[in-house]
2 protein chains.
Amino acid sequence: MFDLGRFLPYLLNRAGARIATAFGGDVARYGVTLQMWRVLAALWHSGAQRLGDLAELTSIEVSTLSRLVGGMEAKGLVTRVRSDQDARVVTIDLTDDGRETTRRIIPLALHYEAVALDGLTGAEAEQLKELLRRVYANMAKLDEAERLSVGG
Amino acid sequence: MFDLGRFLPYLLNRAGARIATAFGGDVARYGVTLQMWRVLAALWHSGAQRLGDLAELTSIEVSTLSRLVGGMEAKGLVTRVRSDQDARVVTIDLTDDGRETTRRIIPLALHYEAVALDGLTGAEAEQLKELLRRVYANMAKLDEAERLSVGG
DNA sequence: TATTGTTATACTCTATAACTATA
DNA sequence: TATAGTTATAGAGTATAACAATA
């Protein structure tokens, strides 16, 4: 009637928690936390971002991210620049140091991914990722629907 | 060279964060937090558990769980009983109230799972869950290997 | 008035370690 | 000595709301 071992949110949380703990412990050796790595990876992949978009990309709350980025700025990993066109907007970008730190962490990240996917065929790995993207899209749709119903 | 959109830990965290935020906001209406729900669901599914096993089942740190269970005991959701055979061991179990609360939340949980899996075929959903189980097993194996190498 | 980001607050979670009591 | 659980502490994250600056 309710089988935890077949319950998607449980399986998702359980696998995610394991990877986060293992990888998070390891990136500490590079002087960054797991959340900082997420910011670095998002900026590396998508280029300079405004704070709101970076929050969306990293799944980190805006207020948390604002302080996190402040700390990363103090560490010299990122820059924070006010836009000329719209002075409300702040654009975050990697510094050379931030880029170098990210470059060094990437192999470690790929190693953990390889461990997580050990024993899966390439097709299975791709299938897993595709299904996770669809799950995410479903939840994002729900969020948007809620925002509209609250707003209207 | 590093595509975040195809990086498993990222996709896992992103999907998990969305579900956790959405579902966590909703279970609050039943007077419990998301972590409390995880404890309730684990006890419902697996029966009475000692604290250490419950921590493993829920992916919640032992020290966090100890205080969490204390709060749930105060709310009348669970009992904490010292073992007769081994007085170090504490067994946590649902109270009738805890069981009733869990029973009422389960349909909500299944609803969120259905939303997350919307548009996926039954076979795809099963495949996703199976692959998540394998990813978890891979990470658990890694953890165990590390524990042995540190211990020995 | 709405938007973007910052700051403040209170609460929760984690990680670590010290501690108690058992075994 | 090792194990099971509790408690203490400091550091991070979250949620909420108040706030400043700008549009």
Side-chain angles (χ1 to χ4, degrees), chain A residues 13 16-29 31-39 49-56 58-75 78-92 143 147 150-152, chain B residues 13 16-28 31-39 48-56 58-75 78-92 143 147 150-152:
Chain A
N13 176 61
R18 281 279 187 183
I19 298 185
T21 301
F23 183 50
D26 239 10
V27 289
R29 295 194 284 105
V32 301
T33 64
L34 186 59
Q35 300 274 72
M36 287 182 182
W37 152 253
R38 284 173 179 151
V39 170
Q49 298 288 324
R50 38 203 292 187
L51 192 77
D53 294 339
L54 192 55
E56 175 72 27
T58 56
S59 306
I60 300 172
E61 275 291 315
V62 174
S63 70
T64 304
L65 185 62
S66 180
R67 266 171 304 120
L68 181 63
V69 163
M72 294 177 74
E73 193 183 21
K75 285 169 88 74
V78 300
T79 55
R80 233 190 320 201
V81 179
R82 284 253 165 227
S83 164
D84 283 344
Q85 285 93 346
D86 184 340
R88 291 173 305 184
V89 171
V90 167
T91 300
I92 294 102
D143 245 36
R147 218 175 305 123
V150 171
Chain B
N13 175 63
R18 282 279 188 183
I19 296 185
T21 302
F23 183 50
D26 238 10
V27 289
V32 301
T33 64
L34 186 58
Q35 301 273 73
M36 288 182 183
W37 152 252
R38 285 174 178 151
V39 170
Q49 298 288 324
R50 38 202 292 187
L51 193 77
D53 294 339
L54 192 55
E56 175 72 27
T58 56
S59 306
I60 299 172
E61 275 290 315
V62 174
S63 70
T64 304
L65 186 61
S66 180
R67 267 170 302 118
L68 181 63
V69 163
M72 293 177 73
E73 193 183 21
K75 284 169 89 73
V78 299
T79 56
R80 236 194 312 204
V81 178
R82 283 246 167 234
S83 164
D84 284 344
Q85 284 92 347
D86 185 338
R88 291 173 303 183
V89 171
V90 166
T91 300
I92 293 103
D143 245 35
R147 219 175 306 124
V150 171

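The structure presented is a predicted model; accordingly, all values stated were derived computationally and were not measured. Below, read A as the first sequence line, B as the second, and so on, with proteins coming before strands; counting in each chain starts at 1.
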Tell me whether B:Ser66 contacts the main-chain N or O of B:Val62 through its side chain, where contact means a donor paired with an acceptor under 3.5 Å.
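Here the side-chain-to-backbone pair does not exist.
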[X] [atom1] to [N] [atom2], straight-line distance once rounded to whole Å:
{"X": "A:Arg80", "N": "C:dT4", "atom1": "CZ", "atom2": "C1'", "result": "13 Å"}
{"X": "B:Ile60", "N": "C:dT12", "atom1": "CD1", "atom2": "P", "result": "14 Å"}
{"X": "B:Gln49", "N": "D:dA4", "atom1": "CD", "atom2": "P", "result": "14 Å"}
{"X": "A:Arg82", "N": "C:dT3", "atom1": "CZ", "atom2": "C1'", "result": "12 Å"}
{"X": "B:Met72", "N": "C:dT12", "atom1": "CE", "atom2": "C1'", "result": "15 Å"}
{"X": "A:Leu54", "N": "C:dT4", "atom1": "CG", "atom2": "P", "result": "15 Å"}
{"X": "B:Glu61", "N": "C:dT16", "atom1": "CD", "atom2": "P", "result": "8 Å"}
{"X": "A:Trp37", "N": "D:dG13", "atom1": "CH2", "atom2": "P", "result": "16 Å"}

For A:Arg67, answer base if it contacts any base atom (sugar-phosphate contacts may also be present), sugar-phosphate if it contacts only those atoms, and nothing otherwise; contact means non-hydrogen atoms under 4.0 Å.
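Contact class for A:Arg67: base.
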Using a cut-off of strictly less than 4.0 Å, decide whether A:Ser66 has a side-chain nitrogen or oxygen near OP1 or OP2 of C:dT6.
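Affirmative; the distance criterion is met.
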Considering only side-chain heavy atoms of [X], which listed nucleotide, [options], is closest?
{"X": "A:Arg88", "options": "D:dA4, C:dT6, C:dT4", "answer": "C:dT4"}
{"X": "B:Arg50", "options": "D:dG13, D:dA4, C:dG5", "answer": "D:dA4"}
{"X": "A:Ser63", "options": "D:dG5, C:dT16, D:dA15", "answer": "D:dA15"}

Mapping A:Gln85 and A:Gln35 to their closest nucleotides on DNA chain D, which lands nearer the 5' end?
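The answer here is A:Gln35.
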Hey, which sits more toward the 5' end of DNA chain D by its nearest nucleotide, B:Thr21 or B:Val62?
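Residue closer to the 5' terminus by nearest nucleotide: B:Val62.
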Is the closest basic N to carboxylate O distance between B:Arg18 and A:Glu56 below 4.0 Å?
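Counted as a salt bridge, because a side-chain N and a carboxylate O are separated by less than 4.0 Å.
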Provide the closest heavy-atom pair for B:Ala87 versus B:Arg82 in the form atom of the first, atom of the second, distance.
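Heavy-atom minimum between the residues: O-NH1, 3.0 Å.
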Pick out which of A:Val78, A:Val69, A:Leu68 makes a side chain to side chain contact (heavy atoms under 4.5 Å, CB included) with A:Met36.
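One option only clears the test, and that one is A:Leu68.
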Within the 4.5 Å heavy-atom criterion, are B:Ile92 and B:Leu65 side-chain neighbours or not?
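A side-chain contact under 4.5 Å is absent here.
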